[in-house]
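As structure tokens, the structure follows; a few thoughts come after it.
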Amino acid sequence: MAYNRGRSSRRYDVIYMLFALVLGMFMAWVTGDIGGRGLIGNVLIHYGIWLFAGSLLAFYAGDTPKGALSPFACYFGGVLAYTAYIYLAGGDGSLRLFVYRLILCAIGAILGAASHNARQKEWVGGICAAIAPSLMIAEGYPALYSRSYALILELILAAALYLVLARGKDRRLMGLPFVIIFSFALIYFDAFNRIFGGWI
């Protein structure tokens, strides 16, 4: 019985990682087709929707290593599919940009591990739950003056993600100050653009 459960668990893990990989490939291919055009196209060219998808994959993964690996699989699939799309469209993919995107995949894995650990109790869970939504807020805050529907949607997704990651009233209250602090710091020091700007 234990052997069968182990096999079933491993099979589920493989399917979960394949789902994450295919999801990233699908999102990247759609980005190649409609990126920058219409609401969906504009949403896809921002980091927020990728953080949202990766964080959810990480949160529902079985443990912390899988919480890091599942968003990595998603982002890596996205890098492969987008690179293939550019090549098939007759473009000339930059090796430097490809390497940068792989570094972003690794950063995404770290963020995924944090999102999975939003399940931890009290302050640890609250802090981990605050990280990904804060990054999304830092990217989406120009919606306050630009009235970009894509960025407005990103702010809505950031709030929804926080509610998913920070389960329970206590954890949400503990994490909220960190959302405010992290978001303010990222915006005030323009840290988001300094770290991620121009990489894609």
Side-chain angles (χ1 to χ4, degrees), residues 8-89 91 93 97-119 128-129 131-137 139-140 149-167 196 199-200:
S8 176
S9 177
R10 286 194 296 273
R11 188 180 299 116
Y12 173 82
D13 291 341
V14 171
I15 292 172
Y16 195 78
M17 294 305 161
L18 286 175
F19 170 76
L21 182 71
V22 172
L23 176 63
M25 295 176 73
F26 173 76
M27 290 174 64
W29 199 268
V30 174
T31 302
D33 271 339
I34 64 170
R37 300 195 302 273
L39 177 60
I40 295 176
N42 278 294
V43 168
L44 286 170
I45 62 173
H46 291 95
Y47 289 100
I49 189 65
W50 293 88
L51 279 169
F52 182 80
S55 295
L56 289 181
L57 286 168
F59 184 73
Y60 290 108
D63 53 36
T64 300
K66 296 183 186 75
L69 187 57
S70 53
F72 180 86
C74 177
Y75 301 147
F76 183 68
V79 170
L80 290 181
Y82 193 72
T83 302
Y85 183 94
I86 292 173
Y87 178 77
L88 293 173
L97 201 54
F98 181 78
V99 172
Y100 277 176
R101 286 171 176 155
L102 290 181
I103 295 171
L104 286 177
C105 291
I107 294 173
I110 296 170
L111 295 174
S115 292
H116 181 79
N117 281 289
R119 297 174 175 275
C128 289
I131 295 173
S134 298
L135 287 165
M136 294 173 67
I137 292 170
E139 186 182 33
Y149 290 118
L151 293 180
I152 290 171
L153 179 58
E154 183 164 350
L155 293 176
I156 294 171
L157 289 177
L161 180 62
Y162 182 69
L163 292 177
V164 171
L165 298 181
R167 296 289 179 89
F196 298 107
W199 280 35
I200 289 183

To check you understand the geometry: which heavy-atom pair defines the closest contact between [X] and [Y], and what is its length?
X: T64; Y: A113; result: CG2-CB, 4.0 Å
X: L57; Y: A20; result: CD1-CB, 3.8 Å
X: A114; Y: C128; result: O-CB, 3.0 Å
X: G112; Y: P71; result: CA-CG, 3.8 Å
X: G32; Y: Y85; result: O-OH, 3.1 Å
X: F76; Y: C105; result: N-SG, 3.6 Å

Next on the checklist: So, using ring pair (Phe, Tyr, Trp, His ring centres under 6.0 Å) as the criterion, who are the partners of Y16 when residues are at least two apart?
Outcome noted: Y12
Euclidean distance, [Y] [atom2] relative to [X] [atom1], rounded to 0.5 Å:
X: N42; Y: I34; atom1: CG; atom2: CD1; result: 9.5 Å
X: M136; Y: S55; atom1: CE; atom2: OG; result: 7.5 Å
X: H46; Y: L153; atom1: NE2; atom2: CG; result: 11.0 Å
X: L80; Y: L21; atom1: CG; atom2: CG; result: 7.0 Å
X: I86; Y: L97; atom1: CD1; atom2: CG; result: 7.5 Å
X: L151; Y: I137; atom1: CG; atom2: CD1; result: 12.5 Å

In the structure I gave you, are the side-chain heavy atoms of [X] and [Y] within less than 4.5 Å of one another anywhere?
X: W50; Y: T31; answer: yes
X: L135; Y: E139; answer: no
X: M27; Y: V30; answer: no
X: L161; Y: L51; answer: no

Next on the checklist: For Y75, does the six-membered ring have the charged nitrogen or CZ of R101 within the cation-pi criterion, i.e. under 6.0 angstrom from the centroid and within 45° of the normal?
Outcome noted: no
Next on the checklist: Using only atom types and a distance under 3.5 Å, with no angle test, would you say the side chain of R167 pairs donor to acceptor with the backbone of R119?
Outcome noted: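 No, because the side chain of R167 does not come within donor-acceptor range (under 3.5 Å) of the backbone of R119.
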Item to check | Donor-acceptor contact below 3.5 Å, side chain Y162 vs main chain P133 | outcome: no
Checklist outcome for this item: Only one of L102, L104, I103 passes side-chain contact (heavy atoms from CB on, under 4.5 Å) with Y100, and that residue is I103
Checklist entry - Above 12 or not: heavy atoms from other molecules or residues under 6.0 Å from CZ of F19? => result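 No - once you tally the heavy atoms of other residues, nucleotides and ligands closer than 6.0 Å, there are 12 at most.
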Checklist entry - If you draw a 6.0 Å radius around CG in L39, do more than 12 non-hydrogen atoms from other residues or ligands fall strictly inside? => result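 For L39, atom CG is crowded (more than 12 foreign heavy atoms under 6.0 Å).
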Next on the checklist: Using salt bridge (charged side-chain N to carboxylate O under 4.0 Å, His left out), reason through K66 and D63 one step at a time and then give a plain yes or no.
Outcome noted: CA-CA 5 Å; K66 296 183 186 75; D63 53 36; 2.9 Å; yes
Checklist entry - Taking it one step at a time, do M17 and V14 satisfy side chain to side chain contact (heavy atoms under 4.5 Å, CB included)? => result CA-CA 5 Å; M17 294 305 161; V14 171; 6.0 Å; no
